[in-house]
Amino acid sequence: MSTLEIRDLHVEVETESGPKEILRGVDLTVSSNETHAIMGPNGSGKSTLAYSIAGHPKYTVTKGQVLLDGEDVLEMAVDERARAGLFLAMQYPVEVPGVSMSNFLRSAATATRGEAPKVRHWVKEVKGAMSDLEIDPAFAERSVNEGFSGGEKKRHEVLQMALLKPKIAILDETDSGLDVDALRVVSKGVNDYKADSDVGILLITHYTRILRYIAPDKVHVFVNGRVAESGGPELAEELEENGYVRFTGAAADKEEQPA
Amino acid sequence: MSEPVAQSGGGVIDAPDAPVLDVDPGIKTALSPKIAPWEERHTSYDVEAFEVPRGREEQWRFTPLRRLRGLHDGSASATGRVEVAVRTGFGDSADDLTGSGTRHEVVGRDDARLGDGGIPADRVAAQAWSAFPSAHVVSVNEARSDDAPLTVTITGPGEGQVAFAHLQLRLEHHAEAVVVLDHRGSGTVAANTELVVADGAKLEVVEVHDWADDAVYVGAQHLSVGRDATIRHTSVTLGGDLVRLSPVINYRAPGGDVELDGLYFADGGQHFEQRLLADHSVANCRSRVMYKGALQGEEGGTAAHTVWIGDVLIRKAAEGTDTYELNRNLLLTDNARADSVPNLEIETGEIVGAGHASATGRFDDEQLFYLMARGIPEAAARRLVVRGFFGEVIQKIRVPALRDRLEAAIEAELEAIGS
Ligand SMILES: Nc1ncnc2c1ncn2[C@@H]1O[C@H](COP(=O)(O)OP(=O)(O)OP(=O)(O)O)[C@@H](O)[C@H]1O
Ligand SMILES: [Mg+2]
């Protein structure tokens, strides 16, 4: 049983005109076996939240806490966070020329598991996971994400999740750029891992379509750097129908109130 | 590298204001301004045929002349010799020279074969030619198997000593050999290395410069490519205070096929310079150049400096030429400077292809973040990226024990900055 607690998280980025606050007090708790969807307009700070939890150096936490089972995540280096059981499927996975996917996966598995997986067992495991996600085995010898199509990158993010077996996974728009078949395959990959494990999932998305495959327990509306409202799956339906107007208005009102 | 600080080729020049790189890109046709170095290029065995370089010359403008210890101005005279040993095999398994068709001779300057590779084109090379005490000729007149590579070990004269050296590696008609030229030791050396590959012969040669910290080595490599001959040349520079290498490809007849690969890794204070010329003077020859460099200078220390000049000349007679050259540099730290200058001059349009690319970039923090976000510790992530960067070059080397040694050397370099 694991819990990721985000408490009053404030994050800024460095801009040419000085620091700019993007996250303005995020409170959110995700536990094992729960799936939380986060929906919100472009630029509201969803990826910032995801990257801040993963420890991307671009983001500076100015206030608040992130705890994984009570441990202070913000004190950990990026790799330590991953080894502690956090995983981020990125909105824009990075290309790493010259490093083969198979070498990368093995290095990552060795690091997160604390020992190198036994070769024969590992080869089988990777093959199985790749075929579940309908990834051609030839990708294993290609450089990490290099020249992958948008959809291929997303499949490989889910592949990594399946192999690294995190306690808490943040999926940042893993559904964006997927065709209908790929969406089904990727959703199945996520659901298979959910069924096999106690993973807690934070699913960032713009579309209710994926929520038909991956059923959320909770839906959070993310506006202007914080959670504006939380509810059940029905909240997603409402957003689909009415958009964010109700919340952006509310957020703007709040903004004007003196702190 | 998704974060280039400078790039040329393919019509792309990114961030041209970046301070660390001098890119002098461009395809020069007969109509463009004459800055092409080969217009002024002249050759001679005689040191006095060359003026003493002052540092402004195109050929010397990147080289810190005061660190040449007088090799360029006649003030350095020989106080020692390089030691040359030829063995079969590489590394621990190397043994006495085998092969009935392979010979190692020490000859005088009157030996008629000397000069078959090419003629010096700068003052230091001419100085070496004028001053070498005896020349080593390693000739192969058989098809040697890959399992029996030749290792030629060239050891410097020792700290504080100066030597002039001459080596010719000769493959006779249809001969084949894999050869490692393993340079090491201390001292100041100017040398000519001739690689003479006769018609239909096939040479795979890896030239390793793993000199001690004090060493200065200035060498000209003269490649002579016979009809339908093949050369795979890999040049590796890892150690030395200053190493300057000037390989020239001389095609003697149609059908020549040459690949020049390179790998260099410069630390703070080191100056590694590579000046290449592929002189396409005859029809239907091929050249491929792929040099990759990594640089790391310590904060507050002297910068690491590398220079790569890739000149390709396609003369009027060289119809059917197929050439491409690439140089990439990876700046691992801030205190590093990589100069990269590809030049392509084309005198005939009847060619198969001609292109070049040059890019220099900083170590990409996004790549580092991505790998670390999968649990991989920072040092291991850096190793993965750098190993990946050099992988294309190292994988082509056909001597497994040498590949291992180079990989270990690169890891050791990376550990040196405690990443
Ligand atoms: N370096 C920067 N300078 C200025 N603004 C920045 C910088 N980096 C990020 N931002 C801003 O931070 C805000 C939040 O970006 P973020 O990527 O977190 O949004 P998002 O909610 O994930 O959007 P999307 O739905 O489009 O993926 C954006 O308005 C973005 O422009
Ligand atoms: Mg986003």
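Just so it is clear: chains get the letters A, B, ... in the order the sequence lines come, proteins before strands, and each one is counted from 1.
- Across all their heavy atoms, B:V385 and A:V96 have their closest contact at CG2-CG1, 4.0 Å.
- Of residues 153-175 of chain A, those residues lying under 4.5 Å from chain B by any heavy-atom pair are A:E157, A:Q160, A:L164.
- Inter-residue side-chain proximity for A:K58 and B:F369 is flagged as unmet; no heavy-atom pair is nearer than 4.5 Å.
- Between atom CD of residue A:E80 and atom CE of residue B:M372 there is a gap of 8.0 Å, rounded to the nearest 0.5 Å.
- For the pair B:G375 and A:T112, the tightest heavy-atom approach, listed with the atom from each and the gap, is CA-CG2, 4.2 Å.
- Between B:Y370 and A:F104, the ring center distance clears the sub-6.0 Å criterion.
- Summarising the local packing, CD of A:E14 is surrounded by more than 12 heavy atoms from other residues, nucleotides or ligands at distances under 6.0 Å.
- Chain A forms the most heavy-atom pairs under 4.5 Å with one residue out of B:L371, B:L368, B:L384, and that residue is B:L384.
- Within the structure, salt bridge (Lys or Arg N to Asp or Glu O under 4.0 Å) contacts touching residues 105-117 of chain A (residues at least two apart or in different chains) are A:R113-A:E125.
- Here the CD atom belonging to B:E378 is positioned 8.0 Å from the CG atom belonging to A:D79, to the nearest 0.5 angstrom.
- Nearest heavy atoms, B:Q367 versus A:P97: NE2-CD, 3.3 Å.
- Side-chain atoms of A:S107 and B:R374, non-hydrogen and from C-beta on, never get closer than 4.5 Å to each other.
- Minimum interatomic distance between B:A373 and A:A82 (heavy atoms only, all atoms of both residues): O-CB, 3.3 Å.
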